[in-house]
Protein chains: 2
Amino acid sequence: MRADAQRNRARILDVARTVIEEQGTQASLRDIARRAEVGMGTLYRHFATREELLEALLGGRFDRLAAHAAALEASHPPAEALTEWLRAFAEGAATYRGLAASMIATLEDGRSSLHASCVAMRDAGGRLLARAQQAGRIRPDVDGTDLFALFSALASIADVAPSIGLRHEHLFDVVMEGLVSRAR
Amino acid sequence: MRADAQRNRARILDVARTVIEEQGTQASLRDIARRAEVGMGTLYRHFATREELLEALLGGRFDRLAAHAAALEASHPPAEALTEWLRAFAEGAATYRGLAASMIATLEDGRSSLHASCVAMRDAGGRLLARAQQAGRIRPDVDGTDLFALFSALASIADVAPSIGLRHEHLFDVVMEGLVSRAR
DNA sequence: ACCTGAACACCGTTCAAGT
DNA sequence: ACCTGAACACCGTTCAAGT
């Protein structure tokens with residue numbers, strides 16, 4: 001990649017992080033290009049879709065989250081590992097306003113650039129889930145997709161109603177208890 | 001109201017119902033005006049905000065839902081009344097794509113035209129909840145707002161991922177079990 | 001190769017002008 | 001009283017023209 005291109009790409013990512021932090025995942029791309037002092041075409045050349053931009057911003061974080069699942073599997077007993085991971089997952093889904101909703105949508109949209117990361121995360125969670133189910137600690141009739149949907153939806157509440165978001169830990173606990181009930 | 005105004009209002013509501021059914025609560029107001037064969041100003045005169053339009057479309061339904069809570073309180077035992085009502089509530093929140101998210105947001109936005117209906121529904125649910133808690137059937141550390149948020153969030157999953165929406169009843173059951181656990 | 005910015009087709013919202 | 005539709009300030013996306 002040419003040096004100026006590389007510099008532009010970095011500038012865009014840098015500005016995008018700030019703007020999306022301010023305005024959420026639906027932030028104006030025009031605004032990002034403007035503040036990065038770059039033409040619209042340049043933004044589109046580097047990131048053909050909004051999802052590609054989000055992937056560049058979040059891909060690393062998501063990969064680490066999937067890896068974290070494997071680590072927890074080795075270090076913690078089944079139920080604790082799952083709970084701990086779901087907590088980290090919910091935190092990740094809350095990185096930017098609007099992200100949680102995008103993540104659920106992306107799970108069934110194979111064309112989205114976020115699709116791969118989300119499927120990987122769902123599967124990582126699914127493995128922790130299966131382990132906890134085999135240990136009889138989680139009800140057997142839920143799968144990784146259920147988990148992903150439930151906790152993303154939970155995270156999305158804070159996006160749309162910040163004050164209710166303060167109850168997040170509490171609501172997390174309620175849903176968690178729902179998973180525990182009817183185990184075995 | 002003048003006869004032509006009344007006719008216009010009815011036309012707008014009629015078309016809005018169709019368009020919002022197609023495109024969700026974020027449907028283009030311009031499109032609604034166009035298909036109702038009405039100037040933009042006319043639409044704005046009758047419904048100054050998008051929320052006012054939604055209120056006109058859904059207010060009746062929400063009022064009935066609040067009334068339904070009182071009826072259930074008289075006819076059913078505490079836990080059954082609550083479960084039954086929450087089922088109806090979730091159905092109402094799923095009337096239009098995007099509505100569930102609007103409802104959570106509106107709960108803490110006093111200026112929204114949907115605010116009154118949503119508060120009324122939350123309180124109606126809150127009364128059924130308190131009754132079930134007094135009967136020792138629901139954990140005591142949740143309130144009406146928690147309930148509203150949890151089940152709206154649940155409904156919003158189907159908005160953004162239709163196929164996961166097919167699991168709605170199942171996820172409903174999981175959350176319900178979470179409410180039951182730690183009762184008394 | 002890469003960048004720019006105007007062009008196009010859309011929005012929501014307002015408001016002067018009409019009846 | 002009420003209606004119309006143009007005007008304004010925004011979008012996202014594309015693409016001819018430049019370096």
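Chain identifiers are assigned alphabetically (A, B, ...) following the order of the sequence lines, protein sequences preceding nucleic acid strands; residue numbering begins at 1 within each chain.
Look at CD1 on B/Ile12: it is 8 Å from P on D/dC3, rounded to the nearest Å. Here C/dC2 presents its P atom at 8 Å from CE of A/Met1, a figure rounded to the nearest Å. In this structure, the CZ atom of A/Arg30 is 9 Å from the C1' atom of D/dT13, given to the nearest Å. For B/Arg50 and C/dT14, the CZ to P distance is 14 Å, given to the nearest whole Å. Between the CD atom of A/Gln23 and the C1' atom of D/dC11 there is a distance of 12 Å, given to the nearest Å. Atom CG in A/Asp31 sits about 10 Å away from atom P in D/dC10, given to the nearest Å. Atom C1' of nucleotide C/dT13 and atom CD of B/Glu52 are separated by 14 Å, given to the nearest angstrom. For B/Leu43 and D/dG5, the CG to P distance is 14 Å, given to the nearest whole Å.
A sub-4.0 Å separation between OP1 or OP2 of D/dC2 and a side-chain N or O of B/Asn8 is absent. Between A/His46 and C/dC3, a side-chain N or O to OP1/OP2 separation shorter than 4.0 Å is present.
Side chain of A/Ser156 to main chain of A/Ala153: a donor-acceptor pair is present (N/O by atom type, distance under 3.5 Å, no hydrogens or angles).
Base pairing of C/dT14 is made with D/dA6, judged by Watson-Crick or G-U wobble geometry with both donor-acceptor distances under 3.5 Å. Here C/dA1 sits opposite D/dT19 as a Watson-Crick or G-U wobble pair (both hydrogen-bonding atom distances under 3.5 Å).
Counted within 6.0 Å of CZ on A/Arg35, heavy atoms from surrounding residues, nucleotides or ligands total more than 12; the atom is thus considered enclosed. B/Glu91 CD: 12 or fewer foreign heavy atoms inside a 6.0 Å radius. Heavy-atom contacts from other residues, nucleotides or ligands closer than 6.0 Å to CZ of B/Arg137 number 12 or fewer.
Considering only side-chain atoms of B/Ala5, the nucleotide from C/dC2, D/dT4, D/dC2 that sits closest is D/dC2. When each of D/dT4, C/dT13, D/dC2 is scored by its nearest atom to the side-chain atoms of B/Asp4, the top-ranked nucleotide is D/dC2. Distance from the side chain of A/Met40 is smallest for D/dT13 among the nucleotides D/dT13, D/dT4, C/dT4. Between D/dC11, D/dA6, D/dC2, one nucleotide has an atom nearer to the side chain of B/Arg2 than all others, and that is D/dC2.
Nucleic acid contact class of A/Ala33 (heavy atoms, under 4.0 Å, all strands): none. Using a 4.0 Å heavy-atom distance criterion, A/Ala48 is classed as making no nucleic acid contact. In this structure, B/Arg45 reaches the bases: a heavy-atom distance under 4.0 Å links it to at least one base atom across the strands shown. Nucleic acid contact class of B/Arg34 (heavy atoms, under 4.0 Å, all strands): sugar-phosphate only. A/Ser28 comes within 4.0 angstrom of the backbone, heavy atoms only, and of no base.
Ring pair B/His168/B/Phe172 is tilted by interplanar angle, where 30° to 60° counts as tilted.
If you find the closest nucleotide of DNA chain D to A/Ala27 and to A/Thr42, the one lying nearer the 5' end belongs to A/Ala27.
Partner of A/Arg11 under the side chain to side chain donor-acceptor pair (under 3.5 Å) criterion, out of A/Gln6, A/Glu37, A/His46: A/Glu37 alone.
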